[in-house]
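A short write-up of the structure that comes next.
We count residues from 1, following the sequence as given.
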Amino acid sequence: MGLGVDDIDIATVLTPDQTTQALEAAGLKAAPTGVEHGTVTAIAEHRPFEITTLRRDVSTDGRRAVVAFTEDWGEDAQRRDFRLNALYADPDDGRLYDPTGHGLADARAGRVIFVGDPMVRIREDYLRILRFFRFHAWFGRGEPDQAALNACRALKGMLSGRSAERTQKEVLKLLAAADPRPAVRLMAACGVLAVILPAAKDLRRFERLVEIQRGVLNENDPLLRLAALLPASAEAAAEASERLRLSNAQTARLAAALAVDEPITAWMSPRQVRRAIYHLGKRVFYDRVRLAWAADANAKADPLWRGL
């Protein structure tokens, strides 16, 4: 797709014990980060590389899976979520392997399509619903896969009670996309957004914030985008923080951004700005400026907001 790579995942026919032995024989550190699922993390030059044994699902409950190891690459591909995620590359010459027969074409076309039946894939892990919207935000182009949307809509209720940490990870990764607005609109239309963030009922401030960040400020701030999805209240901030199990620092920032104790307007004098920064601190002041700017539907106010 011509995009940068953040990390490299490695698949192998070696069992976790054999992987550990091979790494240690090569003088590399091996960390047993998920051996029950076949994953050993190698540390090379202070950088982690996840190495996972080929596997197939024995049983799943929508939360966690019991797996068995295999040497069949096609069997490993069938348990993955999306066809574009079931691609493999040979480490020697970079040759691509596409066991589903569709992954490479999907990646090039920007199609996010489940491997096999979307209902089956989602029932194996209900957080794949959020992964669908996250991958669509980052890599999707054009209309989303209708079968996937139908499955997400039908099974959205099962997101309740899922791992808060994994939910947070998916939500913030989605909001970190260059333009997450189409994906968030789809989540709202399918009822998924209401399940994970019930207070997020009005997308207008969020839409405007993303527009400002992309077109004027050239910045990408997923936590502030999360704040823009919520109403300005301590209750909304506290509920979202608990639902997503945000860190203490993230919780404090979200609460401060959504508080209403120090009104921010585009017509503040330099003295008022200095006073607000003194009371709030720079980080909170700038967060509230951006949220107030995004709430202002009057485009003529842009030069005034930018001046703050």
Side-chain angles (χ1 to χ4, degrees), residues 3 5-7 9 33-34 37 39 50 52 60-65 79-86 107 110-115 118-140 144-145 148-200 203 206 209-210 220-230 237 239-247 249-251 253-254:
L3 302 175
V5 175
D6 291 328
D7 65 326
D9 292 333
T33 49
H37 293 106
T39 300
E50 285 193 355
T52 303
T60 60
D61 63 2
R63 188 185 299 263
R64 56 183 65 86
R79 70 170 300 279
R80 296 185 177 271
D81 47 13
F82 310 116
R83 300 187 313 200
L84 56 74
N85 272 349
R111 293 190 297 260
V112 184
I113 299 178
F114 281 97
V115 175
M119 297 285 283
V120 173
R121 291 285 82 78
I122 291 173
R123 286 194 176 104
E124 292 169 349
D125 181 353
Y126 291 111
L127 281 171
R128 283 176 171 171
I129 293 174
L130 298 185
R131 284 176 62 81
F132 170 75
F133 293 105
R134 193 244 294 183
F135 272 79
H136 187 72
W138 279 88
F139 308 119
D145 180 59
L149 279 182
N150 291 341
C152 290
R153 182 182 293 108
L155 298 174
K156 64 181 184 295
M158 301 306 296
L159 282 171
S160 296
R162 299 302 113 182
S163 165
E165 290 86 352
R166 287 184 63 202
T167 300
Q168 175 210 127
K169 183 178 179 181
E170 292 298 333
V171 169
L172 293 182
K173 279 188 174 182
L174 187 158
L175 294 177
D179 187 358
R181 290 174 293 180
V184 172
R185 289 183 205 126
L186 285 173
M187 291 173 69
C190 288
V192 170
L193 189 62
V195 174
I196 58 171
L197 289 172
L203 302 185
F206 164 76
L209 177 67
V210 176
N220 183 330
D221 190 333
L223 194 67
L224 193 61
R225 290 175 175 179
L226 172 63
L229 282 169
L230 304 170
E239 182 190 32
S241 296
E242 183 177 350
R243 282 179 169 274
L244 300 180
R245 200 158 298 172
L246 299 178
S247 69
Q250 289 171 324
T251 296
R253 185 183 172 198
L254 190 67

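A salt bridge does not link K173 to E170: none of the charged nitrogens lies less than 4.0 Å from a carboxylate oxygen. D221 has a carboxylate O that lies under 4.0 Å from a charged side-chain N of R253, or vice versa, which qualifies the two as a salt bridge.
The two atoms that bring V210 and A178 nearest to each other are CG1-O, 4.4 Å, heavy atoms only. Between L127 and S163, the shortest heavy-atom contact is CD1-O, 4.4 Å. The minimum heavy-atom distance linking V192 with C152 is given by the pair CG2-O, 4.1 Å. Minimum heavy-atom separation, L254 to A240: CD2-CB, 4.2 Å. Closest of all the heavy-atom pairs between A151 and I122 is CB-CD1, 3.7 Å. Of all heavy-atom pairs between K156 and C190, the closest is CD-O, 3.2 Å.
D145 has its side chain out of reach of R111: every pair of non-hydrogen atoms, C-beta onward, lies at least 4.5 Å apart. Looking at heavy atoms from C-beta onward, D81 lies out of side-chain contact with V115 at the 4.5 angstrom threshold. F114 has its side chain out of reach of V120: every pair of non-hydrogen atoms, C-beta onward, lies at least 4.5 Å apart. Within the 4.5 Å cutoff, no side-chain heavy atoms of V184 are placed close to those of R225. By the 4.5 Å heavy-atom criterion applied to side chains, L244 and L172 are not counted as neighbours. Q250 places none of its side-chain heavy atoms less than 4.5 Å from the side chain of L226. By the 4.5 Å heavy-atom criterion applied to side chains, F135 and N85 are counted as neighbours. Side-chain atoms of L193 and L203, non-hydrogen and from C-beta on, do get closer than 4.5 Å to each other.
Annotation: side chain to side chain donor-acceptor pair (under 3.5 Å) contacts of T39 (sequence neighbours excluded): T52.
Ring geometry for H136 versus F132: interplanar angle under 30°, hence parallel rather than tilted (30 to 60°).
Within 6.0 Å of CD on E242 lie no more than 12 heavy atoms contributed by other residues, nucleotides or ligands.
A donor-acceptor pair under 3.5 Å is formed between the side chain of N220 and the backbone N or O of A176.
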Next on the checklist: Working note: R121 + F82, criterion side-chain contact (heavy atoms from CB on, under 4.5 Å); need CA distance, chi angles, decisive distance, verdict.
Outcome noted: CA-CA 9 Å; R121 291 285 82 78; F82 310 116; over 6 Å; no
